[in-house]
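This report refers to the structure that appears directly beneath it.
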Amino acid sequence: MTKRTMYTLLLVLVTASLACGGGGGSDGGMTGGTGVAGTFSPAQANPGPDTVSMGQQSASGNLVTVAVNLTDTASVYGALFDMTYPASFVEYVSWSPGTVLEAGGQQVNYIVDAPTSGRLVISASRLGAAPETNVTGTETLIRITFRVTRVGSGSVGFENSAIVDEQLQDLPIQLWAGGTLGAS
């Protein structure tokens, strides 16, 4: 996805009506008797300023929720990125909102699309004339829940990524750090 396409998508989010916003995706059948247990290990355990990183939010049986976190970043209005994951043993289940963009009680529009197995296309933006927000410490942008279907280990990463201000200008993110999903 080109930056121009990403910015166009973000602009669509910014101008979308509040009725288009909403909660998380389908639970996809949250139970599953695969007999495997999933875990997530972050590539960056202690992220520095202006960092987007993944961390394990929770793990229960074959379900693992990965938090996409933002650390010490000023002037945040929206985010766009692809999340890649090992489709050979992992399935996307659902998403839930974080706290970064909702700061101050702002309305946020999320789009999480799974165009192909092994890739999520994610965009999130405050709506309308909402002010930018400043992230102090580490806060969650979005949570993604996966189901592991068999024993395996593989990388979860970012592609086509940008955190933007209200002018849709890229913020100087120093590091985008993924991690490893495992199932045993």
Side-chain angles (χ1 to χ4, degrees), residues 1-10 12-13 20-45 47 51-71 78-98 100-101 108-125 138-164 170 173 175-184:
M1 179 182 311
T2 66
K3 288 241 184 207
R4 181 180 182 102
T5 302
M6 290 185 345
Y7 289 147
T8 301
L9 180 58
L10 185 58
V12 168
L13 283 174
C20 292
S26 163
D27 75 355
M30 293 293 275
T31 60
T34 64
V36 296
T39 60
F40 181 81
S41 300
Q44 185 70 31
T51 300
V52 180
S53 62
M54 294 182 202
Q56 181 174 295
Q57 179 79 38
S58 65
S60 178
N62 66 338
L63 297 177
V64 179
T65 300
V66 175
V68 176
N69 300 312
L70 192 55
T71 302
L80 307 120
F81 56 89
D82 291 4
M83 178 185 269
T84 59
Y85 61 92
S88 61
F89 72 98
V90 176
E91 298 173 341
Y92 164 66
V93 176
S94 64
W95 68 273
S96 60
V100 169
L101 296 173
V108 178
N109 196 7
Y110 289 90
I111 296 176
V112 179
D113 187 29
T116 62
S117 183
R119 177 175 302 273
L120 299 174
V121 177
I122 300 169
S123 59
S125 174
T138 298
E139 295 183 40
T140 301
L141 183 66
I142 191 170
R143 295 170 186 88
I144 305 294
T145 300
F146 296 102
R147 176 183 297 112
V148 294
T149 58
R150 65 179 180 81
V151 173
S153 179
S155 296
V156 181
F158 293 107
E159 292 180 359
N160 306 315
S161 50
I163 301 293
V164 297
D170 285 6
I173 299 301
L175 177 67
W176 289 79
T180 303
L181 258 171
S184 57

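- Looking at residues two or more places apart in sequence or on another chain, you find no salt bridge (Lys or Arg N to Asp or Glu O under 4.0 Å) involving E139.
- Looking at residues two or more places apart in sequence or on another chain, you find a side chain to side chain contact (heavy atoms under 4.5 Å, CB included) between P47 and Q44, T51, S53, T71, T138.
- The two atoms that bring A79 and L141 nearest to each other are CB-CD2, 3.5 Å, heavy atoms only.
- The one candidate from L175, V68, T84 that meets the side-chain contact (heavy atoms from CB on, under 4.5 Å) condition with F158 is V68.
- Taking both residues in full, the closest heavy atoms of V90 and Y85 are given as O-CE1, 3.5 Å, listed atom of the first, atom of the second, then distance.
- Pairs passing the salt bridge (Lys or Arg N to Asp or Glu O under 4.0 Å) check and including a residue from residues 53-62, sequence neighbours excluded, do not occur.
- Considering only residues two or more places apart in sequence or on other chains, Q57 meets the side chain to side chain contact (heavy atoms under 4.5 Å, CB included) condition with T65, A67, T140, R143.
- In this structure, the side chain of T149 engages the main chain of F89 through a donor-acceptor pair within 3.5 Å.
- Counting only distance, with no hydrogens or angles, the side chain of Y92 and the backbone of F146 share no donor-acceptor pair below 3.5 Å.
- Between the CD atom of E91 and the CG atom of N62 there is a distance of 8.5 Å, given to the nearest 0.5 Å.
- Within the structure, the salt bridge (Lys or Arg N to Asp or Glu O under 4.0 Å) test picks out the following pairs touching residues 112-122 (sequence neighbours left out): D82-R119, R119-E159.
- Smallest separation of non-hydrogen atoms from G38 and V64: C-CG2, 3.3 Å.
- Interatomic distance, CG of L63 versus OG of S58, reported as 8.0 Å (0.5 Å rounding).
- In plain terms, the two heavy atoms of P86 and V156 that are nearest each other are CD-CG2, 4.1 Å.
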What pairs of donor and acceptor atoms, side-chain ones from residues 176-184 against any protein atom, are under 3.5 angstrom apart with sequence neighbours left out?
none

**Request:** Determine, stepwise, if the pair D170 / I163 fulfils side chain to side chain contact (heavy atoms under 4.5 Å, CB included).
**Result:** CA-CA 6 Å; D170 285 6; I163 301 293; over 6 Å; no
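- Closest heavy-atom contact between V148 and A37: CG2-C, 4.1 Å.
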